[in-house]
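Reading through the structure tokens given below for one structure.
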Number of protein chains: 2
Amino acid sequence: MTSEQVEPGRVERKRGRRIQEILRTAAELFGERGYDGANLEDVAQRLDVTKGSLYYYFASKDELVTAAIETLGKEWTERLERLSEARDGSPADRLRALIREHVDIAVREYPGVLRLYLVPRNWPEPQRQRIEALRREHNALFRRVVEEGVASGDFTVASVETTLRCMHAAMSQAPLWCSHKKGAALERALDELADALMMLVGVWPESGEPGAGAVRAPRPSRS
Amino acid sequence: MTSEQVEPGRVERKRGRRIQEILRTAAELFGERGYDGANLEDVAQRLDVTKGSLYYYFASKDELVTAAIETLGKEWTERLERLSEARDGSPADRLRALIREHVDIAVREYPGVLRLYLVPRNWPEPQRQRIEALRREHNALFRRVVEEGVASGDFTVASVETTLRCMHAAMSQAPLWCSHKKGAALERALDELADALMMLVGVWPESGEPGAGAVRAPRPSRS
DNA sequence: ACAAACTTTGACTCCTCGGTCAAGACCGCG
DNA sequence: CGCGGTCTTGACCGAGGAGTCAAAGTTTGT
């Protein structure tokens, strides 16, 4: 009786945490193996429970995966938004920071999850749409900075949209080629990636200061 | 008796053509849906036969898909190689031509097939390896031109490898964002993509001549 | 301690899909 | 025509995975 209308409530909170746990694990696995490749049995196993238990919280595989995309996507977007609200610094610095944050999240924190972005093929239509929407949200944050840079003359691009797409494509693939690196090597790889991507907007890495020990290709004088 | 040791032979040739047909269709479907997502029933249906018939030519799904990757990959590589043998023109022109050829093949001729490249996840190990090898072959062709350009001072890059990866990533995604376009719009999209990617090596589109009507973002004077 | 609510289990069903195969259709040739 | 080789069919099997559920286990409130 007493628990007819409690706010959060201990039980509710516990339930919420459990759901978060499940979502995280599920996102990880679905990111790694794709919609068809990942099965609930394995998700359950990673959580040390049985499949049936998942169905207590989610009505279907679809519902689970939808929720997973939603939750992680939101967190991701928030982090990017927080970063992109800081309006100090040159467009170049800000774009670079965004790029770094994006790949950092992808490569370090949610191994596999960014792959959600890749080829929405296979995903059932509603999920595909949601992933696409997420991509657009993130893209919008990048677009803002790029457009500012273009307007201020800091950046040069042939087409903003195309540039953004290339940037996004490269960032999406990054986890694939970085996942095995760590420590300083990882750091260097991510820096190189950022350097390369900045060139898409016409900003070359400062040839004067080789940065964090970045390995550079022979750079002939162009005077 | 008469057909104990004939060269090609009418029947043989017919068989060969059939196999090619199957491979092409299979590659298309596997490219679209991935290894798990595509089933043989559907491949068969696209060919207006039944599943059992495929097993007359191939022992298993794996064998089919392996052969498909092999065949298409070979054709693809050959086309790129042919193009990259032409040694006339500036590195910029040659790189641009390579990029165009690569995305042309991807977007126009094998809709979906380039996606083989994307996230080798899900593919059984042997296939994954083969796809990776293919990627490396293609990459080598691009690397040659990029390195030449760097050596001659036409290009500037922070890291050749990273630049190549970004280029490849963008080209791989291209079919996803271009597949619905056609005619002049497609042409423009591909040109823009090439423009954008050339910036990765420090070559900006000539602002003087807007090329094939490319839509350009505001391009402030930079002195 | 007891009951009620909440959570987990594991066995079960159903269905899809890779793979098999005997039977027959088709095709070219004497 | 009819014979031999080539190809296709459709019914079938078995594995694996989504989804169900009654029963048992755990937690919470009184």
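Within every chain, numbering begins at 1; the chains are lettered A, B, ... in the order of the sequence lines, protein sequences first and strands thereafter.
In this structure, of C:dT9, D:dG17, D:dT27, it is D:dT27 that holds the atom nearest to the side chain of A:Lys14.
Proximity of A:Gln173 to B:Gln173: side-chain heavy atoms (C-beta onward) are nowhere separated by under 4.5 Å. A heavy-atom distance below 4.5 Å is found between the side chains of A:Phe58 and A:Ile22.
Computed from coordinates, the A:Asn39 CG to C:dC17 C1' distance equals 15 Å when rounded to whole Å. Rounded to whole Å, the distance from CG on A:Asp42 to P on D:dG16 is 12 Å. Atom CG of A:Asp36 and atom C1' of C:dT16 are 12 Å apart (whole Å). Protein atom CZ of A:Arg17 is 13 Å distant from nucleotide atom P of D:dT27, rounded to whole Å. When the C1' atom of D:dT8 is taken as reference, atom CD of B:Glu41 falls 14 Å away, rounded to whole Å. The CG atom of A:Asp48 sits 18 Å away from the P atom of C:dT7 (whole-angstrom rounding).
Between B:Glu41 and B:Arg46, no side-chain nitrogen of the basic residue sits less than 4.0 Å from a carboxylate oxygen of the acidic one, so the salt-bridge criterion is not met. Ionic pairing of B:Glu75 and B:Arg79 is not present here: no N-O contact between side-chain nitrogen and carboxylate oxygen is shorter than 4.0 angstrom.
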### Query
Between A:Arg24 and A:Glu21, is a salt bridge (Lys or Arg N to Asp or Glu O under 4.0 Å) present by the stated rule, with each step listed?
CA-CA 5 Å; A:Arg24 209 153 254 285; A:Glu21 247 183 295; over 6 Å; no
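Proximity of A:Arg18 to the phosphate of C:dT7: no side-chain N or O atom is located under 4.0 Å from OP1 or OP2. For the OP1/OP2 pair of D:dT6 and a distance below 4.0 Å, the side-chain nitrogens and oxygens of B:Arg15 include no atom meeting the criterion.
A:Lys51 comes within 4.0 angstrom of a nucleotide base, judged by non-hydrogen atoms across all strands.
Near DNA chain D, meaning a heavy atom under 4.0 Å away, the residues from residues 53-64 of chain B are B:Ser53, B:Tyr56, B:Tyr57.
B:Arg100 and B:Ala194 make their closest contact through CD-CB, 4.2 Å (heavy atoms, listed as atom of the first residue, atom of the second, distance).
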